Amino acid sequence: MSSNDIDPQHTVARHVLGTETFACVRCGLTVSALAPDGRRRNHCPSCLYSSHVLDQVEGGASECGSRMSPISIAVLRTGDWMLIHRCVRCDELTSNPVCGDDNQLILMRMAVRPLAEPPFPLEAFGTL
Ligand SMILES: [Zn+2]
Ligand SMILES: [Zn+2]
């Protein structure tokens with residue numbers, strides 16, 4: 001048996017010279033698991049996709065392993081931005097802190113989407 005026989009599903013996270021990296025499930029970017037500010041990250045700073053490797057409901061590892069698309073931004077009472085992911089296969093939702101080098105264009109686009117596409121006519125505010 002050689003180490004090349006490892007199931008590709010389980011080679012996403014690997015140790016390279018002591019630095020943990022993972023390959024983005026969407027764009028293939030090699031991402032350091034540690035953000036510049038020292039916090040662990042689980043999503044790609046370029047396209048913000050993540051993969052479903054942790055079970056948020058039951059805790060521990062998830063069997064799913066599918067990609068998780070960034071769907072929204074949430075702002076905590078502390079002012080920290082959280083990135084909301086939804087798994088494309090099982091629809092589980094996760095939230096993770098936004099990192100300093102995350103793609104700001106995508107973050108802003110998600111943050112303003114509810115304002116850009118309101119479910120009611122904004123003209124109503126003009127007559128208040
Ligand atoms: Zn990516
Ligand atoms: Zn899933």
Side-chain angles (χ1 to χ4, degrees):
M1 285 293 255
S2 77
S3 58
N4 294 330
D5 295 323
I6 298 172
D7 179 347
Q9 285 278 326
H10 296 106
T11 58
V12 177
R14 60 183 181 272
H15 290 269
V16 180
L17 297 174
T19 307
E20 202 179 323
T21 62
F22 61 89
C24 173
V25 287
R26 182 164 183 266
C27 70
L29 186 75
T30 300
V31 182
S32 168
L34 282 183
D37 61 5
R39 286 192 288 188
R40 292 188 68 81
R41 73 153 119 235
N42 69 344
H43 56 265
C44 171
S46 175
C47 67
L48 304 187
Y49 270 66
S50 181
S51 62
H52 196 182
V53 291
L54 285 178
D55 194 313
Q56 298 281 318
V57 179
E58 297 177 7
S62 170
E63 305 269 287
C64 180
S66 287
R67 69 171 65 171
M68 304 193 77
S69 53
I71 58 166
S72 185
I73 294 290
V75 183
L76 301 181
R77 234 178 301 180
T78 57
D80 286 339
W81 278 32
M82 300 293 284
L83 184 54
I84 312 296
H85 284 100
R86 184 172 59 206
C87 178
V88 297
R89 190 164 86 177
C90 66
D91 280 344
E92 186 166 309
L93 295 171
T94 65
S95 63
N96 292 282
V98 166
C99 298
D101 60 348
D102 280 347
N103 189 324
Q104 295 172 353
L105 191 69
I106 300 179
L107 291 175
M108 289 309 294
R109 213 162 51 195
M110 285 193 294
V112 303
R113 188 185 294 154
L115 298 176
E117 300 170 13
F120 47 82
L122 282 183
E123 292 78 51
F125 289 103
T127 58
L128 289 176

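Counting convention: from 1, in listed order, for ligands and their atoms alike. Computed from a prediction, not measured in an experiment: that's the story for all the values here.
Rounded to 10 degrees, the SG-metal-SG angle spanning Cys24 and Cys47 at the Zn ion (ligand 1) equals 100°.
Remark: the backbone N or O of Thr30 is not paired with any side-chain donor or acceptor of Thr21 at under 3.5 angstrom. Between the Arg41 side chain and the Cys99 main chain, no donor and acceptor come within less than 3.5 Å of each other.
With contacts defined as side-chain heavy-atom distances shorter than 4.5 Å, the pair Asp102/Pro45 qualifies. Taking 4.5 Å as the limit, every side-chain heavy atom of Val98 sits out of range of all side-chain heavy atoms of Leu48.
Residues in residues 39-81 take part in these ring pair (Phe, Tyr, Trp, His ring centres under 6.0 Å) pairs, two or more places apart or across chains: His43-His85.
Protein N/O/S atoms nearer than 2.8 Å to the Zn ion (ligand 2) total 4.
Between Ala111 and Ile73 the shortest heavy-atom distance is N-CG1, 4.2 Å.
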